[in-house]
A.B. asks: 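Here it is, the structure, as structure tokens.
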2 protein chains.
Amino acid sequence: MATLKDVAREAGLSVGTVSRVLNNRGYISEETRTSVRDAMARLHYQPNAMARSLSKRSSSMIGVIVPSISHPYFAKVLSCLESAAHEKNYQLLLFCSQGKVSREEEYVSVCSSNRVAGLVLCSGTVKTGELRDLGFPVVTFERFLNNADAGVECDNYEGGVIAARELIRAGSRKLLCISGAGEVSMPADARREGFLDVCSEHPEIEVKVCLCAPEHLDDLNYVQELRTFLDEMPDTDGIFAGSDVIGMQAMTELAKRGRRVPEDVRIVGYDDVNLARMTNPQLTTIRQPVPEMAKECIDIIMKAARNESYPARTMFHVTLERRGTT
Amino acid sequence: MATLKDVAREAGLSVGTVSRVLNNRGYISEETRTSVRDAMARLHYQPNAMARSLSKRSSSMIGVIVPSISHPYFAKVLSCLESAAHEKNYQLLLFCSQGKVSREEEYVSVCSSNRVAGLVLCSGTVKTGELRDLGFPVVTFERFLNNADAGVECDNYEGGVIAARELIRAGSRKLLCISGAGEVSMPADARREGFLDVCSEHPEIEVKVCLCAPEHLDDLNYVQELRTFLDEMPDTDGIFAGSDVIGMQAMTELAKRGRRVPEDVRIVGYDDVNLARMTNPQLTTIRQPVPEMAKECIDIIMKAARNESYPARTMFHVTLERRGTT
DNA sequence: TTAAACATGTCAATCGATTGACAGACGATC
DNA sequence: GATCGTCTGTCAATCGATTGACATGTTTAA
């Protein structure tokens, strides 16, 4: 592999000058600029990112920890983060915690070792040890932790409120509120709260809260639990699903029971993943502005890198995507 | 951030000794070993991976280029790769090419800059320039390129054969063979070939080949095209879908047309992603041993790192997952 | 004419860890 | 008493790029 020195020799210039071209510092004539570029091309020169990071004391990598990659919501988040990072010439270092705290801690260490520019944490309960003073900012995605540097969230309470209103508007009276796994703890809590608050304003509404065990991160199979829930309230006519994946499986299970959607039962999902448009009828769902959220995460990390101040907590609105199930 | 020097000072030892502990070289007494560990713990020492990579001339990162992250098949691949890499203490550097050759080339450069230990290429047509002599092995996933160092594949021809036999076994006579996007070019070609070869052995079988445009990588919406295909052969009674995503949308579209699955139409998907179990009925599909394939990729990269020889081409069998649609 | 802006070179330190050469010290063994 | 094997230390080079200080030119512009 060619080094800076080789390029300098090839171009008949000094390392200093070549470095100036590479980093756009000081005075450089257009002429030498091109001759440096030519030399780099001839030698297939690729600057050694390790050496650069070492001397700059920070890399162009951003760590991302998700609980699961196969879950369409996190796949979507990853996709948006990659796209936002790429625009700023940053790369993603990907980690999958499978919801295990020990893994999260390990991955935080690895990020620290690699001197990432920042860490986006899509996983993790409040437990994860001390997240400050790591030398890089930790931004939580869709959750807020006191021990992190910043949080980018959606108004989950609002999401619950919108979902409840939509189901009631569509004529549902016996509601099932199903909280999923994967979006463990806090986000789901706020959604449920918003949902229940609206319900309590309507005395005629009956609600039942169902919690899924957090073990479905990879196989995403909620069928067993959904059966139990539906058995417990067989005449439900409105379901608020914690994710589109759950919503979709609820549709399948309802079809098996001969209950029609949306005539007999209305459903509101969450996340608006691709999946939600593939069902028949298409799933009504609550959408988060994931691309904007991802961009915000990257922005925060870049601001921190430039030593600028950044918001400690950013909250986005969610919107209702009304489709065929309500 | 504490450095090796700091640890040495804290432990009252020399850098040489501390480095010996870290890298398990030479003679070290159990006593100093623990005192070094203690010192590291006290200082929250995290070895600088950049410095290490620089002097070792190789990092513990593995580049991965996929065309899309939201596509459940690639999400699954990523998930398995992450898991296999983690076992060996390697990290993934994630790139999403969106099927664009220019992006692929750019990403290969970035990997080269970062002196990755290897690159797993899940994306890319044969076009991608020269992939050898980059200083690290390039392993293609589910495709074979002459200009890469190794390929880990599935027997796609076999997949096509199995799918055809299954549809015929289930009583289908007018077949639709739909090749998807995302799994562009070669993999899909071989599948189709196997499928058609079996069909040509049965003179009573009618087949129609349909190609989807490769623009659905992110939204995964094949509905428009599926409608066209189904209009062209409205009485089809057997569909071989290029992916479960397509298979699932075909089910939805068939339901709208009042055609029952599997009574009127049989469907065989491909990939066996989580999705395939969420439909009603569950989708019969061709499964690839993705976890094993991912492990093999990582193995190859590790062998290359140790300068051992590795297989240039590894082929796995696919298996039929017979479920409700056949 | 003279001071500035422009353009490049030299040199050396630095980032943090790795590695090898070499030198002592201690204890055990023959 | 000589010879190993074990344990640690010192020292310096190296990986490849960055950066700053400083010198030396050449153009421009006032």
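Keep in mind that this is a model prediction, so the values were computed, not measured.
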A.B. asks: Expressed in angstrom and rounded to an integer, what is the separation of B/Arg25 atom CZ from D/dT6 atom C1'?
C.D. replies: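 Checked: the CZ to C1' distance equals 16 Å.
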A.B. asks: If you take any heavy atom closer than 4.0 Å to DNA chain C, which residues from residues 2-9 of chain B end up in contact?
C.D. replies: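 Contacts with DNA chain C under 4.0 Å: B/Thr3, B/Leu4.
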A.B. asks: Indicate for each nucleotide in nucleotides 25-30 of chain D, in 5' to 3' sequence, whether protein heavy atoms under 4.0 Å reach the base (B), only the sugar-phosphate (S), or nothing (-).
C.D. replies: ------
A.B. asks: Nearest whole angstrom, please: distance from the P of D/dA17 to the CG of A/Leu22.
C.D. replies: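 That distance rounds to 8 Å.
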A.B. asks: For A/Glu31, look at atom CD and say whether over 12 heavy atoms of other residues, nucleotides or ligands are found less than 6.0 Å away.
C.D. replies: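 No, because the 6.0 Å sphere around CD of A/Glu31 holds 12 heavy atoms or fewer from other groups.
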A.B. asks: Does any non-hydrogen side-chain atom of B/Met61 lie less than 4.5 Å from one of B/Tyr90?
C.D. replies: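 Not touching, per the 4.5 Å side-chain cut-off.
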A.B. asks: Enumerate the residues from residues 49-62 of chain A whose closest heavy atom to DNA chain C is under 4.0 Å, giving them by residue number; use none for an empty result.
C.D. replies: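 Those residues are A/Leu54, A/Ser55, A/Arg57.
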A.B. asks: Determine whether the aromatic ring centres of A/His86 and B/Tyr107 lie less than 6.0 Å apart.
C.D. replies: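 Yes: the rings meet the under 6.0 Å criterion.
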A.B. asks: Which residues within residues 10-20 of chain A lie with some heavy atom under 4.0 Å of an atom in DNA chain C?
C.D. replies: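 Correct list: A/Gly12, A/Leu13, A/Ser14, A/Thr17, A/Arg20.
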A.B. asks: Need the bend value for the helix from C/dT1-D/dA30 to C/dC30-D/dG1: angle between end axes, 5 pairs each end, nearest 10°.
C.D. replies: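 Roughly 30° between the end axes, to the nearest 10°.
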A.B. asks: Just the rounded figure in Å: distance from P of C/dG16 to CZ of A/Arg115.
C.D. replies: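 Going from CZ in A/Arg115 over to P in C/dG16 covers 7 Å.
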A.B. asks: Passes side chain to side chain contact (heavy atoms under 4.5 Å, CB included), B/Leu4 versus B/Asn48? Steps please.
C.D. replies: CA-CA 9 Å; B/Leu4 240 204; B/Asn48 187 321; over 6 Å; no
A.B. asks: Contact list please: residues 27-45 of chain B against DNA chain C, heavy atoms, distance less than 4.0 Å, in numerical order.
C.D. replies: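 When residues 27-45 of chain B is checked for heavy atoms under 4.0 Å from DNA chain C, the hits, listed by number, are B/Tyr45.
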A.B. asks: Side chain to side chain contact (heavy atoms under 4.5 Å, CB included) between B/Gln288 and B/Glu142: does it pass, once the steps are laid out?
C.D. replies: CA-CA 10 Å; B/Gln288 301 179 8; B/Glu142 247 299 76; 3.3 Å; yes
A.B. asks: So which atom in A/Ile69 and which in A/Leu94 form the shortest heavy-atom distance, rounded to 0.1 Å?
C.D. replies: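 Result for this residue pair: CD1-CD2, 3.7 Å.
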A.B. asks: Mind running side chain to side chain donor-acceptor pair (under 3.5 Å) on B/Gln91 and B/Glu82 for me, showing each step along the way?
C.D. replies: CA-CA 7 Å; B/Gln91 295 86 46; B/Glu82 201 279 337; over 6 Å; no
A.B. asks: Between B/Asp271 and B/Lys76, is the side chain to side chain contact (heavy atoms under 4.5 Å, CB included) condition met? List the steps.
C.D. replies: CA-CA 9 Å; B/Asp271 298 341; B/Lys76 182 178 181 180; over 6 Å; no
A.B. asks: Please report the C-alpha distance between A/Ile62 and A/Val116 in whole Å, then the side-chain angles of each, then the deciding distance to 0.1 Å, and finally whether the side chain to side chain contact (heavy atoms under 4.5 Å, CB included) criterion is met.
C.D. replies: CA-CA 5 Å; A/Ile62 292 173; A/Val116 296; 5.9 Å; no
A.B. asks: Using only heavy-atom distances, determine whether the side chains of A/Thr32 and A/Ser29 contain a donor-acceptor pair under 3.5 Å.
C.D. replies: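 A/Thr32 vs A/Ser29: donor-acceptor pair found between side chains.
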A.B. asks: Is there a side-chain contact between B/Tyr45 and B/Pro47 (heavy atoms, below 4.5 Å)?
C.D. replies: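 Side-chain contact under 4.5 Å: yes.
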A.B. asks: Strictly below 4.0 Å, N to O, side chains only: are A/Glu153 and A/Arg313 in salt-bridge contact?
C.D. replies: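 Yes, this pair counts.
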A.B. asks: In the structure I gave you, are the side-chain heavy atoms of A/Arg52 and B/Ser113 within less than 4.5 Å of one another anywhere?
C.D. replies: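 Of all side-chain heavy-atom pairs linking B/Ser113 with A/Arg52, none is under 4.5 Å.
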A.B. asks: What's the CG-P distance between B/Asn24 and D/dT8, to the nearest Å?
C.D. replies: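 Atom CG in B/Asn24 sits about 13 Å away from atom P in D/dT8.
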A.B. asks: Using a 4.5 Å cut-off on heavy atoms from C-beta on, say whether the side chain of B/Arg115 contacts that of B/Arg57.
C.D. replies: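 Not touching, per the 4.5 Å side-chain cut-off.
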A.B. asks: Without hydrogens or angle criteria, can the side chains of B/Ser112 and B/Ser109 be said to hold a donor-acceptor pair below 3.5 Å?
C.D. replies: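 No pair is found: no donor N or O on one side chain lies under 3.5 Å from an acceptor on the other.
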A.B. asks: Checking side chain to side chain contact (heavy atoms under 4.5 Å, CB included) between B/Val139 and each of B/Leu119, B/Val152, B/Thr314, which is the one that passes?
C.D. replies: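 Single side chain to side chain contact (heavy atoms under 4.5 Å, CB included) partner of B/Val139 among B/Leu119, B/Val152, B/Thr314: B/Val152.
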A.B. asks: Is A/Arg33 salt-bridged to A/Glu30, cutoff N-O under 4.0 Å?
C.D. replies: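 The answer is yes: the pair qualifies as a salt bridge.
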A.B. asks: Establish, with yes or no, whether the OP1 or OP2 oxygen of D/dA17 is under 4.0 angstrom from a side-chain nitrogen or oxygen of A/Asn48.
C.D. replies: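 False: A/Asn48 side-chain N/O out of range (4.0 Å or more) of D/dA17 OP1/OP2.
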A.B. asks: Is a donor from one side chain sitting under 3.5 angstrom from an acceptor on the other, for A/Glu104 and A/Ser123?
C.D. replies: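 Yes, A/Ser123 and A/Glu104 have a side-chain donor paired with an acceptor closer than 3.5 Å.
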